[in-house]
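Throughout, a chain's letter reflects where its sequence line sits, starting with A, and its residues are numbered from 1. Basis for what follows: all heavy atoms, side chains included, without hydrogens, waters or symmetry-related copies. None of these values were measured; they are calculated from a predicted model.
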Amino acid sequence: MSDLTILTVLRSYAQMNPERLPVSILFNHTETCLTVFDAFPKAIFHFLVLPRIKPPLGVDDLTDLRTLLKCNKKKAGAVLKELSDEADNVKKMIQEEMLSRYGFQWEIWTGFHPVPSMQHLHLHIISSDLCSGKLKNKKHYNSFHPKLGFFLHLSDVLSWFEADPSFFEMRAQLKPRDYQPLLKEELACFKCGRAMKNMPTLKTHLQVEWDDEARKEKARIARKRKREESQSCQSSSSQADANKGEGRSAKRSPEISDDRATNI
DNA sequence: GTTCTAGAAC
DNA sequence: GTTCTAGAAC
């Protein structure tokens with residue numbers, strides 16, 4: 001594939017009949033959206049949700065977030081709602097996969113790049129580990145740093161629609177000059193904020209952070225399971241007592257209990 | 001978006 | 001001498 005084709009490959013997907021896209025590229029599709037595997041995933045899970053070309057908006061309105069927000073606000077909002085609904089579906093599938101493959105769940109970010117490299121609007125759905133061999137340089141990392149300002153969280157973009165119209169107009173500008181410099185900011189861990197002297201150091205640190213999170217979450221899940229087992233054991237052994245009296249243990253549903261508050 | 005590589009940084 | 005970054009790619 002030539003350099004030129006790479007930049008417009010998402011647009012060509014959006015124009016295609018989804019049935020004709022290989023399963024290695026297409027993850028899911030709806031009437032309005034396509035979800036594809038990011039060809040160079042910057043985390044363990046990384047997908048792109050694209051709007052399909054559908055009236056009233058044309059392909060040029062959907063080049064990126066800036067061109068979308070420039071056209072009719074109501075129609076732009078409708079497109080974002082469709083992307084958001086599909087993202088919710090995909091997030092659920094990722095969460096199941098996290099649990100079955102890794103035994104715990106971690107955060108998933110959804111958002112846009114204000115200055116995208118590829119044409120055609122795409123919503124990133126990316127797991128919050130940023131552990132990937134494809135994440136190689138400062139630009140890659142800073143573009144997904146959740147607090148730096150370059151990664152525009154979908155929830156924030158949606159909130160612009162509810163805000164004062166002048167605020168919407170201001171945020172909708174999305175001038176590259178306002179965002180490009182963020183990509184050159186010093187490297188710092190998005191979790192602990194510590195400065196990192198170079199990419200190899202940062203990548204090693206991110207792996208440690210994620211391994212740490214995995215260990216703590218899995219221990220939390222194990223404690224929870226153990227407590228639930230002992231509770232169900234107690235309640236079955238005290239069935240006779242429960243029948244006599246109030247049966248306190250049945251009042252508290254395991255789903256409601258949250259040991260995060262007490263253990264972390 | 002990536003790959004390649006010159007030369008800066010260590 | 002080796003590692004690492006950052007700009008060119010026709």
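Across all strands shown, H113(A) has no heavy atoms under 4.0 Å from either base or sugar-phosphate atoms. Heavy atoms of K42(A) sit under 4.0 angstrom from primed sugar atoms or phosphate atoms, though from no base atom. In this structure, K136(A) reaches the sugar-phosphate backbone alone: every heavy-atom distance under 4.0 Å involves primed, P, OP1 or OP2 atoms, never a base. Among the protein residues, P200(A) comes within range of the sugar-phosphate backbone only, with heavy atoms under 4.0 Å from sugar or phosphate atoms but none that close to a base.
Distance, K203(A) NZ to dC4(C) C1': 14 Å, rounded to whole Å. Atom CG in L48(A) sits about 11 Å away from atom P in dG1(B), given to the nearest Å. The separation between I6(A) atom CD1 and dT2(B) atom C1' is 7 Å, rounded to whole Å. Summarising the geometry, the separation between NZ on K134(A) and P on dT2(B) is reported as 9 Å, rounded to the nearest angstrom. Computed from coordinates, the D38(A) CG to dG1(B) C1' distance equals 9 Å when rounded to whole Å. In this structure, the NE2 atom of H140(A) is 8 Å from the C1' atom of dG1(B), given to the nearest Å. The NE2 atom of H46(A) sits 10 Å away from the P atom of dT2(B) (whole-angstrom rounding). To the nearest angstrom, P of dT3(C) lies 19 Å from CG of L202(A).
Salt bridge annotation for R215(A)-D211(A): absent, with no cationic side-chain nitrogen under 4.0 angstrom from a carboxylate oxygen. Ion pairing between a basic and an acidic side chain is recognised when a charged N comes within 4.0 Å of a carboxylate O; R52(A) and E31(A) show no such pairing. In this structure, D88(A) does not pair ionically with K92(A), as no charged nitrogen and carboxylate oxygen lie closer than 4.0 Å. Taking 4.0 Å as the cut-off between side-chain N and carboxylate O, E217(A) and R220(A) count as a salt-bridged pair.
If you look at F150(A) and H113(A), their ring centroids are closer than 6.0 Å.
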Kindly give the atom pairs (protein nitrogen or oxygen, nucleotide nitrogen or oxygen) under 3.5 Å for nucleotides 5-10 of chain B.
none

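K197(A) has no side-chain polar atom (N or O) that falls below the 4.0 Å cut-off from OP1 or OP2 of dC4(C).
The base-pairing partner of dG1(C), taking Watson-Crick or G-U wobble contacts with both distances under 3.5 Å, is dC10(B).
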Requested in this report: List the steps and the verdict of ring pair (Phe, Tyr, Trp, His ring centres under 6.0 Å) for F144(A) and H46(A).
Outcome: CA-CA 11 Å; F144(A) 289 105; H46(A) 190 180; 5.2 Å; yes

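The minimum heavy-atom distance linking L68(A) with L57(A) is given by the pair CD1-CD1, 3.6 Å.
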